[in-house]
Participant: 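I'd like to ask you about the structure that follows.
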Amino acid sequence: MSIRIGIMGYGNLGRGVECAIRNSEDAELVAVFTRRDPKMVDILTPNVPVYSVDQAISKKDDIDVLILCGGSATDLPVQTPKFAEYFNVVDSFDTHAKIPEHFANVDAAAKKGGKVGVISVGWDPGMFSLNRLYANAVLPKGQDYTFWGKGVSQGHSDAIRRIDGVKDARQYTIPVESALEAVRSGETPELTTRQKHTRECFVVAEEGADLERIEREIKTMPNYFADYDTTVHFITEEEMKRDHSTLPHGGFVIRSGKTGWDLEHTHIIEYSLKLDSNPEFTSSVILAYARAAYRLNQEGQSGCKTAFDIAPAYLSAQSGEELRAHLL
Ligand SMILES: NC(=O)C1=CN([C@@H]2O[C@H](COP(=O)(O)OP(=O)(O)OC[C@H]3O[C@@H](n4cnc5c(N)ncnc54)[C@H](OP(=O)(O)O)[C@@H]3O)[C@@H](O)[C@H]2O)C=CC1
Ligand SMILES: N[C@@H](C[C@H]1CC(C(=O)O)=NO1)C(=O)O
């Protein structure tokens, strides 16, 4: 019996979830919800209804898991707690500094409704978080680093698009080569946020918008740009479509740690991603956690979970016996 999935919010991530469902063995898309006029939102999957967000709660009995595909800057802090009372939900909330607050809000709503709310899954936060946890648990005497890019951060691009006067935006995250080389060579430098990455933004502004204000709002934006050296380029819609139509990304988590009576031995753990499509990869992670959310709730669990709280086997479409026979 397929897991019945609803998508809330139809952008890059919404389309990615749709593709992940199509490529899965055990999930089906039963509804898409949007804040726009449903008639204006064309989805990829035939014969699946697109509803207004106002209709979502009335459809709760038809959906096993609602996947929230809105933006972290302004959508998910409101939408995930709101719908966690009525649905098992999954989101990719990635404003790291605000994850504890988001967890508390979703936990209260999910427990009230007897539902499971999985938050902050994807790759960072998500797969990279898991690898930072494993590496720190295994090598407590050590130092770890996370590098992203060069690639398009959807969270940062979304955050720019929310600024008044912005019509479209892409943000490229660029690792600082000297920091990368130092870490790769086995050094364990103390690096500030600013010393690890720079951020380059390409923005299409509305006609007549105040470009100086937009640039200032980007560069001073807490949690997204304030701690980075950031450049902003204003371009045309044609240039955006011509030069920035793909969403590649990637990065790696690396930990160098020591063992031995006198900490004489060094070990390196590295986990890396190279992504053609940031949204499609992220959505594939999200769908695996939607499977987990459904199963946990079927077992009678409720409340908020992060990737740290969910055993890996819950993510797989294979049974425990199959996993032990083929993947252990
Ligand atoms: N944890 C992780 O590793 C990752 C997390 N993310 C998170 O995913 C979030 C969503 O990213 P992404 O899907 O790229 O964001 P988008 O800007 O594509 O979509 C966000 C929302 O905007 C609305 N929207 C989409 N297209 C349009 C349009 N043309 N006109 C008006 N509204 C539109 C949709 O809501 P509606 O249909 O209701 O209008 C949609 O849900 C990011 O903010 C980021 O935080 C992304 C990648 C990795
Ligand atoms: N959440 C990120 C996923 C990774 C990419 C990233 C960055 O480039 O700053 N941080 O985390 C995204 O929205 O793409």
Side-chain angles (χ1 to χ4, degrees), residues 6-19 31-38 40-43 50-56 66-80 83 90-96 98-99 102 118-130 132 146-163 166-175 193 196-201 204 223-225 227-228 230 237 240 246-253 273 275 277-286 289 306-307:
I7 289 172
M8 169 65 68
Y10 196 72
N12 298 314
L13 218 49
R15 279 188 296 277
V17 169
E18 204 176 356
C19 294
V32 172
F33 302 96
T34 178
R35 289 161 299 185
R36 288 167 282 164
D37 176 354
M40 304 300 285
V41 176
D42 294 327
I43 69 172
V50 180
Y51 297 112
S52 161
V53 61
D54 303 333
Q55 296 172 272
L66 182 68
I67 297 179
L68 283 298
C69 296
S72 291
T74 55
D75 298 336
L76 297 179
V78 174
Q79 290 184 323
T80 310
F83 293 108
V90 182
D91 82 13
S92 62
F93 183 72
D94 68 358
T95 313
H96 293 258
K98 295 188 175 178
I99 287 177
H102 191 56
V118 178
I119 65 164
S120 298
V121 292
W123 55 290
D124 204 351
M127 305 303 284
F128 275 19
S129 314
L130 282 173
R132 288 190 286 261
T146 298
F147 283 99
W148 310 291
K150 181 178 179 179
V152 178
S153 167
Q154 292 175 246
H156 292 78
S157 303
D158 168 72
I160 299 173
R161 287 194 289 265
R162 303 311 167 115
I163 296 173
V166 172
K167 195 169 189 177
D168 200 359
R170 297 290 183 281
Q171 188 270 195
Y172 292 84
T173 310
I174 303 159
T193 298
K196 286 194 284 184
H197 297 93
T198 60
R199 296 189 180 279
E200 187 170 23
C201 312
V204 178
N223 301 318
Y224 285 91
F225 295 97
D227 298 330
Y228 296 88
T230 300
E237 273 192 284
M240 181 65 85
T246 60
L247 298 170
H249 213 342
F252 62 93
V253 171
L273 291 175
L275 310 177
S277 167
N278 186 350
E280 287 181 7
F281 180 83
T282 301
S283 302
S284 301
V285 176
I286 288 171
Y289 277 96
T306 70

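Just so you know, ligand 1 is whichever comes first in the structure, and atom 1 is the first atom listed for that ligand. Heavy atoms only: backbone and side chains are in, while hydrogens, waters and symmetry mates are out.
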Participant: Assert yes or no for the condition that the ring centre distance of His249 to Trp148 is strictly below 6.0 Å.
Facilitator: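 Judged by ring-centre distance (under 6.0 Å), His249 and Trp148 do not meet the cut-off.
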
Participant: For atom 5 (C) of ligand 2, find the nearest protein heavy atom and state the residue, atom name and distance (0.1 Å precision).
Facilitator: His249 NE2, 3.4 Å

Participant: So, regarding Gly155 and ligand 2 (criterion: nitrogen or oxygen to nitrogen or oxygen, under 3.5 Å), is there a contact or not?
Facilitator: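 Yes.
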
Participant: Heavy-atom distances under 4.0 Å are what count here, so tell me which part of Asp124 touches ligand 2: side chain, backbone, both or neither.
Facilitator: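 Both backbone and side chain of Asp124 come within 4.0 Å of ligand 2.
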
Participant: Work out whether the distance between some heavy atom of His197 and some atom of ligand 2 is less than 4.0 Å.
Facilitator: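 The answer is no: ligand 2 sits nowhere under 4.0 Å from a heavy atom of His197.
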
Participant: Taking distance alone, with N or O pairs closer than 3.5 Å, would you say Leu13 contacts ligand 1?
Facilitator: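 Such a contact does occur with ligand 1.
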
Participant: Considering non-hydrogen atoms of the protein only, which is the closest contact for atom 32 (N) of ligand 1, and what is the distance?
Facilitator: Arg36 NE, 3.6 Å

Participant: Backbone or side chain, does any N or O of Trp123 fall under 3.5 Å from an N or O of ligand 2?
Facilitator: no

Participant: Would Arg199 count as being in polar contact with ligand 2, using the rule that some N or O on each side must be under 3.5 angstrom apart?
Facilitator: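 Min N/O separation from ligand 2 is below 3.5 Å for Arg199.
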
Participant: Mind checking whether Leu247 has a heavy atom under 4.0 Å from ligand 1?
Facilitator: no

Participant: Tell me whether Pro125 has any N or O atom under 3.5 angstrom from an N or O of ligand 1.
Facilitator: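 By distance alone, the answer is yes.
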
Participant: Hey, is ligand 1 close enough to Phe93 that some N/O pair sits below 3.5 Å?
Facilitator: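 So ligand 1 has no N or O lying under 3.5 Å from an N or O of Phe93.
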
Participant: Do His96 and ligand 2 have an N or O pair less than 3.5 Å apart?
Facilitator: no

Participant: Nearest protein heavy atom to atom 8 (O) of ligand 2, by residue and atom, and its distance?
Facilitator: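 In this structure, atom 8 (O) of ligand 2 has Thr173 OG1, 2.5 Å as its nearest protein heavy atom.
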
Participant: Between ligand 1 and Arg162, can you find any atom pair, the residue atom being a heavy atom, that is separated by under 4.0 Å?
Facilitator: yes

Participant: Determine whether the side chain, the backbone, both or neither of Asp124 has a heavy atom under 4.0 Å from any heavy atom of ligand 1.
Facilitator: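 Contact part for Asp124 vs ligand 1: backbone (N, CA, C, O).
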
Participant: So is Gly70 close enough to ligand 1, meaning a heavy atom under 4.0 angstrom away?
Facilitator: yes

Participant: What residue and atom, counting heavy atoms only, is the protein's closest point to atom 10 (N) of ligand 2, and at what distance?
Facilitator: Trp148 CE2, 3.6 Å

